[in-house]
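Comments concern the structure below.
Along the sequence shown, residues carry numbers from 1. Just so we're clear, the structure is a prediction, and the values are computed from it rather than from any experiment.
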Amino acid sequence: MGILADHVPIIAELKPGVIEILSNPSEKSKKYFASGGFAVMNPDSTLNINALEAVTMEEVDFDVAKRALDDATRRVSAAATEAERVTARIELDVYEALLAARK
C-alpha cells in the first residue's frame, strides 16, 4: 500500500511485512519490518503507524529468524492445544514474512 499527501482518510490493518518511509524525496527511504499493527491516515495528510513490533531491516539477523521459523514450524505440528497451535502459527506467519522481506 502506498500513501501520499491528500490520501483519503483510512484505517488499515498492517500484516507482517516491510514498511518503507520516504520523508523527503531527496533522502534515502528507511525500511522497517513490522510484525503487524495499524496505519491511520488522518484528514490533514499525516500518517500514524501503530506497530506491535518494528525493527530496521539492518537490525534483523536472518540466521536467527530462520532458526525461529524452524522452531515455530515444529511447535505448530506438536501443539497439544488449539491455543498453542494458534500462537505458534502467528509466530510462523511473522517469521515467514520476515524471511520473505530479505529479498
Side-chain angles (χ1 to χ4, degrees):
M1 165 174 31
I3 302 287
L4 299 173
D6 298 321
H7 193 286
V8 64
I10 61 167
I11 298 174
E13 178 185 7
L14 298 175
K15 300 214 182 277
V18 175
I19 297 171
E20 185 173 7
I21 298 175
L22 181 61
S23 301
N24 183 334
S26 64
E27 295 177 9
K28 185 176 177 183
S29 65
K30 295 178 185 174
K31 292 183 181 180
Y32 298 85
F33 181 84
S35 62
F38 292 91
V40 180
M41 184 66 181
N42 299 301
D44 65 357
S45 292
T46 59
L47 177 68
N48 294 3
I49 296 174
N50 301 304
L52 302 172
E53 299 173 294
V55 295
T56 63
M57 290 301 292
E58 294 81 25
E59 292 178 75
V60 176
D61 183 332
F62 288 99
D63 292 330
V64 171
K66 174 65 172 116
R67 288 193 300 273
L69 174 77
D70 294 342
D71 181 60
T73 301
R74 181 191 56 74
R75 288 186 294 111
V76 166
S77 299
T81 67
E82 182 66 12
E84 289 175 355
R85 189 188 66 74
V86 169
T87 299
R89 184 68 226 181
I90 291 168
E91 288 181 34
L92 183 62
D93 291 345
V94 170
Y95 287 118
E96 285 175 340
L98 179 57
L99 290 168
R102 182 180 200 179
K103 299 173 184 169

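Residues F38 and E13 are in side-chain contact: their nearest non-hydrogen atoms beyond the backbone lie under 4.5 Å apart. Side chains of F62 and M57 form a contact here, defined as non-hydrogen atoms less than 4.5 Å apart. Using a 4.5 Å heavy-atom cutoff, the side chains of V64 and Y95 are not in contact. L99 is listed as a side-chain neighbour of K66, based on a closest heavy-atom distance under 4.5 Å. At a threshold of 4.5 Å between non-hydrogen side-chain atoms, the residues N42 and L47 do not count as touching. Annotation: side chain of M41 is not in contact with side chain of V8 (no heavy-atom distance under 4.5 Å).
Counting non-hydrogen atoms of other residues, nucleotides and ligands closer than 6.0 Å to CD of E53 gives a total of 12 or fewer. Heavy atoms from other residues, nucleotides or ligands lying under 6.0 Å from CD1 of I21 number more than 12.
For the pair A34 and A51, the tightest heavy-atom approach, listed with the atom from each and the gap, is CB-CB, 4.1 Å. Listed here is the closest heavy atom pair of P43 and P9: CA-CG, 3.8 Å. Minimum heavy-atom separation, T56 to Y32: CG2-CE2, 3.5 Å. Contact record, S35 with L52: OG-CB, 3.6 Å, taken as the closest heavy-atom pair.
Between R89 and D93 there is a salt bridge, since a side-chain N of the basic residue sits under 4.0 Å from a carboxylate O of the acidic one. Ion pairing between R74 and D71 holds under the 4.0 Å rule for side-chain N and carboxylate O.
Remark: L92 CG to R85 CZ distance equals 11.0 Å, nearest 0.5 Å.
L69 and V60 fall within a single hydrophobic cluster, where Ile, Leu, Val, Met, Phe, Trp and Tyr side chains are chained together by heavy-atom contacts under 4.5 Å. Follow the hydrophobic side-chain contacts under 4.5 Å out from I19 and you never reach I11; the two are in separate clusters. Placement of V94 and V76 within a single hydrophobic cluster is found when ILVMFWY residues are connected by side-chain heavy-atom separations under 4.5 Å, directly or transitively. Under the 4.5 Å side-chain heavy-atom criterion for grouping Ile, Leu, Val, Met, Phe, Trp and Tyr, I49 is not connected to L22 through any hydrophobic cluster.
For T81, there are no side chain to side chain donor-acceptor pair (under 3.5 Å) partners at least two apart in sequence or on another chain.
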